[in-house]
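For reference, the structure is listed below as structure tokens.
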Amino acid sequence: MDGSCTDDQSTTTETTSTVAAPVTTPPLIGSGGSVVLDLEGGLEAESRKLPSSRFKGVVPQPNGRWGAQIYEKHQRVWLGTFNEEHEAAKAYDTAVQRFRGRDAVTNFKPLPADTDEAGLEASFLNSHSKAEIVDMLRKHTYNDELEQSKRSCSLHKTPFTDGFRSGHQLVNAREQLFEKTVTPSDVGKLNRLVIPKQHAEKHFPLQNGSTSKGVLLHFEDIGMKVWRFRYSYWNSSQSYVLTKGWSRFVKEKNLKAGDIVSFQRSTGPDKQLYIDWKVKNGSGGRQEKSEIGTSFHGYRVGLLFSCDELIWGYD
DNA sequence: ATTTGTGTTGAG
DNA sequence: TCAACACAAATG
């Protein structure tokens, strides 16, 4: 039935590219189509032909997913595979801007240029090699890296951010590692939190020997309470997880599915790890009593970040 | 057993 | 340059 592609047939909006791309996709394939034999075995009209994407740089994969690719110097550069067609299209957009410059033709980009955001992303792109950008795209970590880049340099125009150079008030500067919106099972009776593979491997690499038995990680929360979680890799589900100790965190913070947990790490030599959480976005303020009085902490870690270019602690 | 992504080709 | 298609290399 509907199994075949999700032919929304263009929702118009998709062709918002700057200049070209006025048409994208012939409205409808030649109805008459000249294709003499359409009926054949007719079992699955799908099994034979692949969907064919409406987006530039996007190609269908046999398993229903989407691949992104860009060409340079006569050869293809693979940008990875994605579940959603538009994700692949966005990956292409990112790549094409890094490869061909600011005003290359994209699938979406030319959205209301955020003036500021655009500049930040542009500098982010240029501060990385093509290979690095491609790598991020293939690993699906581009957005995280970009966000992190934005945070580290809040170097606006303000010449002096008074209040900061207090000399001794300089608390631990942290960098955001990643966030995860917890699933029902993360806060359920399985007593474990699955850490998305790409983040786990990047930030919490397990040593060869530790893979099976795992390690004990220490995290400090907003109230300076230290949490210890067993971190290991589960071969059965092939996933990285926080197990022992996790359920207590869920209980104390009263975490619910949809809430977001965030992991940070000190940028200093200590490499101290931090954990924080916030209630699901738009969750009309579900504030449980939470005896600990944590009531609501605005997730302000973002303000504590340091920028590599800002040197402060050098006594 | 699946999935990725490369080899290759033909069209634009 | 680009995507369609086939299928081998890579992964699980």
Side-chain angles (χ1 to χ4, degrees), chain A residues 3-10 14-15 17-30 33-38 40-110 130-142 194-202 205-206 208 210-212 214 232-241:
Chain A
S4 69
C5 56
T6 52
D7 285 335
D8 304 338
Q9 257 325 17
S10 73
E14 67 194 38
T15 67
S17 60
T18 44
V19 195
V23 186
T24 69
T25 83
L28 281 178
I29 349 84
S34 76
V35 182
V36 185
L37 8 122
D38 255 56
E40 67 210 299
L43 276 158
E44 309 289 333
E46 168 185 51
S47 64
R48 201 134 201 80
K49 277 277 190 189
L50 265 50
S52 177
S53 177
R54 327 194 256 319
F55 299 110
K56 187 172 174 60
V58 178
V59 295
Q61 288 295 89
N63 54 350
R65 300 183 73 219
W66 301 87
Q69 61 183 22
I70 186 173
Y71 285 82
E72 182 187 48
K73 172 52 184 60
H74 250 256
Q75 69 179 17
R76 168 178 49 205
V77 176
W78 189 252
L79 305 175
T81 54
F82 306 80
N83 287 322
E84 301 302 325
E85 192 177 3
H86 72 272
E87 287 299 332
K90 286 172 67 177
Y92 173 83
D93 284 0
T94 298
V96 81
Q97 299 214 64
R98 176 61 184 80
F99 281 62
R100 301 171 190 168
R102 206 80 231 86
D103 36 31
V105 175
T106 61
N107 291 300
F108 310 105
K109 273 316 171 69
K130 293 176 183 175
E132 287 174 321
I133 296 299
V134 168
D135 200 62
M136 292 179 209
L137 293 174
R138 290 175 72 146
K139 289 190 166 108
H140 298 188
T141 66
Y142 176 77
V194 170
I195 297 181
K197 198 163 194 167
Q198 73 268 27
H199 293 131
E201 294 179 342
K202 175 172 182 181
L206 279 171
N208 207 341
S210 321
T211 309
S212 52
S232 60
Y233 182 72
W234 280 357
N235 280 300
S236 58
S237 54
Q238 303 185 346
S239 50
Y240 293 89
V241 292

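The chains referred to below are lettered A, B, ... by the order of the sequence lines, with proteins before strands, and numbering in each begins at 1. Note: hydrogens, waters and symmetry copies are ignored here, and every other heavy atom, side chains too, is used.
Distance, A/Q75 CD to B/dT6 C1': 11 Å, rounded to whole Å. Rounded to an integer number of Å, the gap from OH of A/Y71 to C1' of B/dT6 is 10 Å. Per the geometry, CD belonging to A/E72 stands 15 Å off P belonging to C/dA3, to the nearest Å. Protein atom CD of A/Q69 is 16 Å distant from nucleotide atom P of B/dT8, rounded to whole Å. Put simply, NE2 on A/H74 is 16 Å from P on B/dG7, counting in whole angstrom units. For the pair A/K73 NZ and C/dT1 P, the interatomic distance rounds to 9 Å; values are reported in whole Å. In this structure, A/N235 atom CG and C/dG12 atom P are separated by 12 Å, rounded to whole Å. Rounded to whole Å, atom C1' of C/dA10 lies 11 Å from atom CZ of A/R138.
Across C/dG12 and B/dT6, the matching P atoms stand 16 Å from one another, rounded to whole Å.
Each of C/dC2, C/dA4, C/dG12 was ranked by its minimum atom distance to the side chain of A/S52; first place goes to C/dA4.
Using cut-offs of 30° and 60° on the angle between ring planes, the pair A/F55 and A/F108 is tilted.
Here A/P60 lies in heavy-atom contact (under 4.0 Å) with sugar-phosphate atoms only.
With hydrogens and angles disregarded, a donor-acceptor distance shorter than 3.5 Å links the side chain of A/E85 to the backbone of A/R54.
Two residues, A/R76 and A/P62, neighbour DNA chain B, and the one matched to the more 5' nucleotide by heavy-atom proximity is A/P62. Nearest-nucleotide assignment on DNA chain C puts the 5′-proximal partner with A/R100, out of A/R100 and A/Q61.
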Hey, mind stepping through A/Y233 and A/K197 against side chain to side chain contact (heavy atoms under 4.5 Å, CB included) and telling me if it holds?
CA-CA 10 Å; A/Y233 182 72; A/K197 198 163 194 167; 4.0 Å; yes

Worked verdict on A/W66 versus A/E84 for side chain to side chain contact (heavy atoms under 4.5 Å, CB included)
CA-CA 7 Å; A/W66 301 87; A/E84 301 302 325; 5.8 Å; no

Given the rule in the side chain to side chain contact (heavy atoms under 4.5 Å, CB included) test, do A/I70 and A/R100 qualify, once you have shown the distances and angles that lead to the verdict?
CA-CA 10 Å; A/I70 186 173; A/R100 301 171 190 168; 3.7 Å; yes

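In this structure, A/T81 does not reach the B/dT3 phosphate: none of its side-chain N or O atoms is under 4.0 Å from OP1 or OP2.
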